[in-house]
Amino acid sequence: MNHFDASPAIQTGCCPGAGLASMAIEVQDVAANNTADILPINDPSSYVIHGEDGQDRLHLFVDGIHCAGCIKAIEGAVALVSGVSAARLNVSTRRLYLAWEAGKVEPVDLLQRISARGYGLIPFDPAVVAAHDETQARTLLTAMAVAGFAAANVMLLSVAIWAGADWDMGPATRGFFHWVSALIALPAIAYAGQPFFRAALGALRHRRLNMDVPISLAVILAAAMSLYQTVLGGTHAYFDAAVTLLFFLLVGRYLDGQTRARARAAAENLIAMTVVPARVIDADGIEHSMPIGQVPVGALVAVSVGGRIPVDGTVVDGASDVDTALVTGETVPCAVRPGANVYAGTLNLTGPITVRSLIEPENSVLSEIVRSMEAAEQGRAKYVRLADRAAQVYAPAVHLLGLLTFIGWMVFTDAGWEVAMMAAIAVLIITCPCALALAVPAVQVCASGLLMRRGILLKTSDGLERIARIDTVVFDKTGTLTHGQPTLRADREHDDAALRQAARLARHSGHPLSRALSRAAGDNHGVVATDIIEEPGFGLQGCIDGREARLGHREWCGVAESIADCAAEDGDMELWFSLQGEPPVRFAFTDTLLDDAADTVRALKAMSIDVRLLSGDLGPAVHRAAQALGIENWQAETRPDGKVDHLNELKAAGRHVLMVGDGMNDAPALAAGFASMSPADASEIAQTAADAVIQGRRRMTVVDAIRTARIADRLVKQNFALALLYNTMAIPLAVSGLATPLIAAVAMSTSSVLVSLNAVRLRWLVRGEA
Amino acid sequence: MEVLAYLIPAALFLGLLGLGAFIWSLKSGQYDDLDGAARRILIDDDSRP
């Protein structure tokens, strides 16, 4: 196992070849890469795909890409190694593809070269990461190109026909133009209309109506009727309307799919960063890397310092402190030694340990949480998107109107079925929810693009709509409103000299309290103590200037019960430091709030949103945080199911709750909330459950997201109103048979363009309010 | 108006040529990484690392 730590200095100084231009482009993206700790390289051999052509291939996620210089640095690091045949970085998805001649190159060596330049690398299995997304996007894009080509050419011919109708175009020329239009439009519709036809069929099979049903019906009927007119040599053909309609709709659908695919790719990358294969020790004592899901019961798993424990089990060898913050929400690490139980997902802090897996991965505590999360998600699945709700009313209305028009013409006039049919088709085309289908995706593309630049990744397609409707925000404490790591309390009394002495010992250890202590002492606290022994679960012992020094648990430092008890009342985490010949000193630590946490709460309250705090942490700590933030409603020592219960109570009271949390213990609550967000450094399961992932340490982004979602919601509704207004004006024309193909085409295009332009306003509106 | 019999097919042929070129560029993966393309242009090729 190789472990490389890249210093932040290397990471940020990645742009030597890029120049100022790319630096400027990149400023916004830096927030997206706040993950300060580069993960250790894992043995990628289990992810290498051996091709039949003698080429080995490997796919990796890359963390820390900032600019053009990074592309050059990453590809350049390996491209010239002999044997490497391909090194291609996809900046959009932050994924790197490597190929080399089998046996000529050691994959670990390639990874080391890149890692040495300060980039985090995680191998992944391309089969697992939704590959269908890309083919789907390509199909849509091809369909869009075909529809666009057809629309442009048919429109060209149609303009000639419309113009000719007023002047001297003979029926022969018109017929010829109609035939050419048919020749272009029919194959184009047959090809480019497939995404809609398929979705419409799917909906009909489930006895539902969606937007795609009237779209498909209008397009197919219009094409069929136009062909009939062309054969008969009639004057009106709607090929142009049918094809342009398809083109606009495909644009909407492509935009919709593209933003979602992009957000999902980013979220997948974040999650993959935390998925690390387990290192299983076999009977001969040799380590193998193995995907976590395949670890058998009873297997021995090695966990290095700083590694995540992959399975539920008991410690058989070694002693350490385990950070359970992501599982329980507690900030204080707990000590483990042989015989102790540890849970998957917790972080091993101070000493290497070996764990015997006790339970199959699918029965672990983690999986338990996943199940309760899925159960909680059932409620949310009932949410119907605004566009679909509109479609459920709109589609039957449109169909009925078309039918009534046809019957009306047949009954009240003697114009014949062709005229009646043409009028009915005109109704279908003009009322076709083109603007409706464009209204939502156009706004959502704008909104999610805007949010992504501000560090919010929207994962679910209806997340934005739900976030717009929330009236209550429930925060988790640890890691969500706080840093999730302890810092020395400056307001407690302690001797500066003692702090400096203690830091000389603390610098040796990776325990969060020790790290906090050495951070507080600053850099210049003298030489590191000598003869240091770390006893996991107790503390450190060392030699400072010839005197024995101890730092750690109160018993470790020989503190009398009476002193300890009266000091421990404030509920802080503590470290004791004893130097031979001097009385022991206590250092108190607390988990500090994020800089803008209080501002966030204030801003939310200003938007008349009810803010609550639900934490798994101990009472005094939660109380203090709630006071500092100005949150009146808070609850401490809440278990995961307690959080879900609390959310369900709020839901029963008619509230729409936004849950913001980071831990595994929050995952069920995240799924139970009306909408949910989780920070990018949260547990993978929390991110899976959340609608949106917040990057960076700013929490004002929550406010940004709600604000943007509300504006987007307003715009969507405006767009619906616009489209509806347009339709109500055009419908009388269509019903009365006055809508010529020209009017139909103009009405449809202008309403689509109007709706799109209105969506673009989002940018200015958001900027205006922020 | 007989000229239309030549001009329209000619126009369509040119259009189809463009469509074909677009589909080819799509199939050859030129739209897979638009961000990357925007940034690669800033790399000087003459000083390959």
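Residue numbering restarts at 1 for every chain, and letters A, B, ... go by the order of the sequence lines. Just so you know, these numbers come straight off a predicted model, no measurement behind them.
To the nearest 0.5 Å, the span separating CG on Leu12(B) from CG on Leu157(A) amounts to 7.0 Å. Summarising the geometry, atom CG belonging to Leu16(B) is positioned 7.5 Å from atom CG belonging to Asn153(A); distances are rounded to the nearest 0.5 Å.
Nearest heavy atoms, Phe149(A) versus Gly15(B): CE1-C, 3.2 Å.
Heavy-atom neighbours of Ile41(B) CD1 from other residues, nucleotides or ligands within 6.0 Å: at or below the threshold of 12.
Among residues at least two apart or in separate chains, salt bridge (charged side-chain N to carboxylate O under 4.0 Å, His left out) pairs with a member in residues 75-89 of chain A are Glu75(A)-Arg40(B).
For Leu183(A), no part sits under 4.5 Å from any heavy atom of chain B, backbone or side chain. Both the backbone and the side chain of Leu26(B) come within contact range of chain A, each with at least one heavy atom under 4.5 Å from a heavy atom of that chain.
For Tyr97(A), the side chain to side chain donor-acceptor pair (under 3.5 Å) test picks out Arg57(A), with sequence neighbours left out.
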